[in-house]
Amino acid sequence: MTALLDVRDLHKHFGALAAVAGVSVAVAEREVVGVIGSNGAGKTTFVNMVTGYLPPSRGTITFRGRDITGRPPRQVTGLGIARSFQVPQVFASASVLDNLLVAIGIAEEGRLPIWTPLRRRQRVARALATLESYGIAGYASQPASLLPQGVRKLLDIAMATVRGPELLLLDEPTSGISVGEKFAIMDTIMAALRAQRTTVLFIEHDMEIVDRYAERVIAFADGVIIADGPPQAVIDDPEVRRLVVGERVKVAE
Amino acid sequence: MSRDRTLPGLAVATLVLLGVAAAAPGWMVFTLVVSLAQGLVVLGLMVLWRAGLMSFGQSLYYAVGGYTVGLINIQFGLSNALLLVLAAPAVAGLLAFLLGFLLARYRDIFFSMLTLAFAMILYGVLVKSSTLGSTDGFSILTPSFLGPHPGPDATQRLLTGLAALIALLAAALVHRYLKSTAGHLATAIRDNEIRVEYLGYSVHRAIHVKYVLAGILAGAGGAIVAMAIGHIDPEMAYWTTAGEFVFVAILAGAGSVAAPFLGAILFVVLRTYAAQYTPHLWHMVLGGTLLLFIVFLPDGVWSLFERACRPLKRRAPS
């Protein structure tokens with residue numbers, strides 16, 4: 001299997017602090033990878049580097065055999081890598097529909113989208129269908145600032161996926177979502193992404209989510225990868241138990 | 001979704017303006033042409049303002065528009081109004097394109113002050129250029145149209161008619177732009193630049209386009225006012241001129257492409273009457289008006305118009 005994303009010896013230093021200190025990992029097409037690690041382990045810094053938000057201090061990032069190290073987010077997005085954010089990044093004063101329409105408008109048009117009206121009929125239909133697939137079409141006319149957290153998370157992810165990215169990086173998709181809702185929301189996200197055949201890498205603190213949705217788990221600690229493999233094996237790893245998951249966690253069958 | 005009546009509204013308004021240009025008394029025609037020129041500049045400010053950016057230096061492009069007319073007069077002896085009113089925005093747009101590479105990197109007060117700085121640099125250059133008449137400026141050739149010179153009164157009326165048609169064209173094109181993806185990016189940029197970049201679009205480019213658009217419109221306004229007054233001087237680039245544009249923008253509101261023109265007409269009328277009836281206090285009258293608008297009508301005079309239309313919409317069967 002050829003790697004879709006291939007990261008070699010990635011480092012990120014903030015002054016004397018090494019947030020990421022030599023990470024090498026390859027992700028194959030259509031894999032669903034969970035990334036775990038305690039706060040400050042380097043997970044989000046890793047995602048920030050892959051998506052171009054932060055330039056790495058050292059190392060290379062290759063996507064489909066192409067070196068994308070240090071490219072800015074909009075170029076990385078254009079190449080087929082999208083991301084969602086731990087704190088949803090939406091256009092707060094616009095309606096849910098307009099949020100998605102802007103995302104689709106940018107994806108569909110070129111460098112100067114100054115002529116075609118944003119609210120074209122077929123584009124509105126596409127936006128509503130996307131909202132439908134994420135189960136939030138009922139909120140279409142609401143301003144994004146008034147949305148419940150779970151809906152805002154789904155909107156953030158829906159916006160990230162309008163280009164049909166090959167690789168989607170989700171930063172804590174269930175953080176801030178109630179325990180009762182988390183499986184329903186993850187089911188919705190994963191069903192929508194499976195339909196798009198997207199490779200997914202998600203950061204998550206909730207081991208139940210990791211165990212249920214990831215095919216492979218990567219554990220970070222102190223800026224390095226300490227375990228990489230099938231979910232149960234990684235969660236049971238003594239080092240991971242000591243540094244990440246805690247000794248007494250038992251994932252329900 | 002409610003139907004958009006902007007374009008028919010603009011067409012009707014233009015017909016009214018053409019009627020005024022043809023038949024109204026001379027002072028009213030002059031007031032109108034100056035208002036239309038100012039409205040064009042403020043239309044550009046509105047495009048920037050929607051993205052949360054305010055230029056305190058739009059007088060730069062206003063002056064560039066005016067001086068382009070003057071220099072083409074001098075260098076080539078050309079006075080064709082249509083040609084001049086196309087050439088001036090082209091030069092202003094080119095300058096905005098060049099400066100835009102720097103300005104698109106700045107936001108908030110830094111953007112505003114940098115635009116002001118560029119305007120003041122041009123003011124300084126114009127004041128020191130004796131070949132361009134220094135502080136006195138110089139006179140503009142009477143604009144010509146196709147055919148023989150029709151005389152001063154008819155020239156002013158023709159120029160006003162041309163200004164009304166340019167205002168219609170500009171307003172219609174900007175309206176189309178504001179409805180496009182790039183137009184909607186204004187709110188998006190104000191709300192969340194990171195998300196725009198992660199959707200794959202360059203925020204710098206979006207702002208750059210808006211800035212060039214505003215420069216083109218200010219250049220057209222400067223050209224029209226230069227031909228209407230028949231004289232240009234460095235005051236066109238001065239910060240008080242730029243301040244007037246901001247004043248009108250606040251007075252007008254950013255609700256519609258028609259608002260800047262309505263605001264400009266209101267401003268010119270207000271200033272004329274204030275200067276006539278309170279010759280020593282007219283600054284205070286203008287200042288007081290601005291204060292009242294900011295406190296009681298923060299969305300500008302256009303919001304009154306919207307408020308007046310709303311009950312109609314509500315009554316209409318859905």
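Proteins come first, then strands; the chains are lettered A, B, ... in the order of their sequence lines, and each starts at number 1. This is a predicted model, so every value here is computed, not measured.
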Work out which heavy atom in B:Ser59 is nearest to a heavy atom in B:Ala119; give both atom names and the distance.
OG-CB, 3.6 Å
Heavy-atom distances under 4.5 Å only: say whether A:Ala160 touches chain B with side chain, backbone, both or neither.
both
Which pair of non-hydrogen atoms, one from A:Arg66 and one from A:Leu79, has the smallest distance, and what is that distance?
NH1-CD2, 3.4 Å
Validation row, ring centre A:Phe202 to ring centre A:Tyr213 under 6.0 Å:
no
Is chain B contacted by the side chain of A:Ser93, its backbone, both, or neither, given a heavy-atom distance below 4.5 Å?
both
Interface moiety of A:Ala107 toward chain B, non-hydrogen atoms closer than 4.5 Å:
neither
Under a 4.5 Å cutoff for heavy-atom pairs, which residue among A:Leu101, A:Val76, A:Asp156 has the most contacts with chain B?
A:Asp156
Ring centres under 6.0 angstrom apart (B:Phe101, B:His204):
no
Would one find more than 12 heavy atoms of other residues, nucleotides or ligands at under 6.0 Å from atom CZ of A:Phe14?
yes
Between B:Leu213 and chain A, with a heavy-atom cut-off of 4.5 Å, which part of the residue counts as in contact: side chain, backbone, both or neither?
neither
With a cut-off of 6.0 Å (strictly less than), are more than 12 heavy atoms of other residues, nucleotides or ligands near CZ of B:Arg50?
yes
Can you tell me if A:Tyr139 has over 12 outside heavy atoms packed within less than 6.0 Å of its OH?
no
NZ/NE/NH1/NH2 to OD/OE distance under 4.0 Å, A:Glu109 and A:Arg123
yes
Taking A:Arg83, A:Arg163, A:Arg111 one by one, which has the highest count of heavy-atom pairs under 4.5 Å against chain B?
A:Arg111
Atom group of A:Phe85 that falls short of 4.5 Å from chain B, counting heavy atoms:
side chain
Heavy-atom contact with chain B under 4.5 Å, split by part of A:Arg120:
neither
Among A:Gly105, A:Pro113, A:Gly52, A:Pro117, the residue with the most heavy-atom pairs under 4.5 Å to chain B is A:Pro113
Could you tell me which portion of B:Val203 (side chain, backbone, both or neither) has an atom closer than 4.5 angstrom to a non-hydrogen atom of chain A?
neither
Among A:Val102, A:Ile104, A:Leu112, A:Thr51, which residue has the highest count of heavy-atom pairs closer than 4.5 Å to chain B?
A:Thr51
